[in-house]
Amino acid sequence: MAADQEQEQEQRRRLLDVASRFPLPTGCRFSYGTAGFRADGATMAPAVCRAGILAALRSLKLASAAVGIVITASHNPIGDNGVKIADPDGGMMDQQWEPFAAALANAPDPDALLQLVLQFVKDEGIPLGGHHTAQVLLGRDTRPTGEYLLDAALQGINAILGAQAIDMGILTTPQLHWMVRSKNKGIKASESDYFTQLINSFRRMLELLPKDKGGDELAKKLIVDGANGIGGVKLEQIKAELSGLDIIVRNSGKEGEGILNHLCGADFVQKERVTPHGFGPEDVGVRCASLDGDADRLVYFQMSSSSDNKVDLVDGDKILSLFALFIREQLDVINNNGNQVDKSLPARLGIVQTAYANGASTQFLKGLGLEVVFTPTGVKYLHKKALEYDIGIYFEANGHGTVVFSEDFISQLESLSNDLSSQAANSQYHAAMRLMAATQLINQAVGDALSGLLLVEAILQYKRWSFQNWCELYSDLPSRQLKVKVVDRSSIVTTDAETKVSQPSSLQELIDKETANYTQGRCFVRPSGTEDVVRVYAEASTQVEADSLAKSVAHHVERLLG
Ligand SMILES: CC(=O)N[C@H]1[C@@H](OP(=O)(O)O)O[C@H](CO)[C@@H](O)[C@@H]1O
Ligand SMILES: [Mg+2]
């Protein structure tokens with residue numbers, strides 16, 4: 001008993017101590033947004049330290065399963081930084097804990113922080129006190145504030161008795177998510193295990209290419225814009241082992257090549273539709289890809305003319321469409337009744353998008369007879385929805401997405417592959433093996449630009465499609481995104497997967513009225529979860545109309561909300 005009391009005292013002392021080491025600057029208010037806490041990197045230490053405490057508590061709550069902490073601000077400017085927590089399955093932290101995360105980050109002083117933790121631990125039945133262990137894996141991107149914030153996170157984790165922090169180093173965000181997931185599955189979870197899985201499954205995909213398909217081979221050359229972030233660094237490490245591809249990394253993050261996310265990266269290319277820094281007329285007609293600063297987003301582009309820097313863009317919606325076509329084709333081959341072997345693989349295939357998905361993509365996917373559903377913005381919503389299917393494919397238009405397969409589906413696929421293995425020349429067998437390789441290649445924890453890129457490359461080779469073939473799958477409707485600064489963005493409340501404003505109610509009426517003036521008009525507004533702005537999105541049949549619709553709605557937002 002005395003020992004227990006001593007531990008309890010020690011636990012309290014540690015929490016008070018760490019909180020006093022990271023006082024909350026006055027006027028600072030953190031909210032757990034679309035992707036965790038984000039702000040100017042120099043102000044983030046208190047929030048990151050408290051995220052460390054939270055991650056350790058989460059691991060304690062979940063029977064000591066490994067939990068992850070990623071220190072990154074993704075595509076945001078180099079001065080920003082952020083922190084988010086990965087759950088044991090490698091996905092985003094359960095949203096039920098977000099209010100506690102925010103309350104903890106905003107606890108005004110050490111006493112308030114201690115009381116908050118003790119109350120939460122009691123309410124949630126968390127075994128705090130040193131009898132149980134907790135494990136937290138940490139990763140960070142290349143930002144200059146990363147190391148300092150990592151230290152803050154370590155101090156937060158170490159403030160919880162029994163918690164162990166494992167620094168996995170400088171990583172892409174999806175690498176850390178993959179490591180957390182793998183560790184909890186009992187699979188080897190080091191960086192080299194991650195690379196081995198990617199390289200081997202990519203090779204496997206190429207070995208399974210049909211030998212007798214006509215058409216041109218895909219050009220081997222691929223130029224990748226690494227956003228001067230961690231993705232380019234990692235790609236440089238493995239590119240020599242990616243057979244069948246000749247990868248050139250630009251904006252690779254090497255000294256002197258440029259600034260993280262500045263005039264480069266997936267967010268820049270997708271929003272501006274121009275070439276990133278470091279690309280020029282000599283690249284016309286070459287297939288190019290662009291990653292964001294922490295390499296969880298991927299878009300493709302190609303310059304069609306040397307006279308300007310405009311690009312033909314393949315965004316997340318078209319990557320999704322490519323994946324959907326490929327997976328559906330394999331399922332069709334497997335389930336085609338004309339096959340020699342009477343085996344089938346029933347699978348519910350679901351496509352998950354957000355309101356930012358180009359209307360033309362949704363129409364295209366629905367036209368294929370696929371089930372398409374919508375969620376609010378943010379991977380935490382899309383991923384969760386995708387898990388409801390045997391195979392769920394989700395993407396945000398900005399290039400963040402992946403494919404998830406249910407355990408049940410994978411085991412059925414495995415047993416089917418075994419049954420068919422005696423018929424190794426059979427097309428059914430090949431289709432099953434291709435799907436198996438895809439489940440290995442794609443990062444099922446979270447969207448991953450590197451694994452996504454390799455799956456794209458394998459599918460383009462499989463289909464013998466050029467960039468142009470892919471790009472012409474459908475034509476995007478012209479669209480425009482604007483940001484509006486308002487006094488309090490939280491005064492906008494949305495509903496119907498963010499497609500409608502419920503408050504202030506007059507705003508939706510105005511949006512409807514404006515939209516009705518445009519052919520194929522669609523428009524919605526929502527408060528950003530990562531920046532202090534309201535976002536306006538508009539689509540219409542011409543660029544001029546899309547611009548004009550976005551502008552007039554932005555004007556209403558400004559007028560109503562100041
Ligand atoms: C329109 C847009 O691109 N929004 C992005 C952006 O969220 P906002 O809540 O819109 O700021 O950052 C998120 C995190 O990276 C990403 O998931 C999301 O798609
Ligand atoms: Mg990112």
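This one's a predicted model, so the numbers in the text were calculated from it and none came from an experiment. As a basis for the values below, the full set of heavy atoms in this structure was taken, side chains included, without hydrogen atoms, waters or symmetry mates. Order of appearance sets the numbers: ligands from 1, and atoms from 1 within every ligand.
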Report, rounded to 10°, the angle at the Mg ion (ligand 2) between the two atoms OD2 (Asp292) and OD1 (Asp294).
90°

Should Arg526 be listed as contacting ligand 1, given a heavy-atom distance under 4.0 Å as the test?
yes

Are any of the N/O atoms in Arg535 less than 3.5 Å from those in ligand 1?
yes

For atom 15 (O) of ligand 1, which protein heavy atom lies nearest, and how many Å away is it?
Arg297 NH2, 3.5 Å

Tyr356 contact mode with ligand 1 (heavy-atom cut-off under 4.0 Å):
side chain

Which protein heavy atom lies closest to atom 6 (C) of ligand 1, and at what distance to 0.1 Å?
Thr530 OG1, 3.9 Å

In terms of residue, atom name and distance, what is the protein heavy atom nearest to atom 17 (O) of ligand 1?
Glu396 OE1, 2.8 Å

Under 3.5 Å, N or O to N or O, is Ser528 touching ligand 1 that way?
yes

min-distance protein heavy atom vs atom 13 (C) of ligand 1 -> Thr34 CG2, 3.9 Å

Tell me: protein heavy atom nearest atom 5 (C) of ligand 1, and distance?
Asn398 ND2, 3.8 Å

Between Gln270 and ligand 1, which part of the residue brings a heavy atom under 4.0 Å of the ligand: side chain, backbone, both or neither?
neither

Under 6.0 Å from the six-membered ring centre of Phe395 and within 45° of its axis: does the NZ or CZ of Lys318 meet both?
no

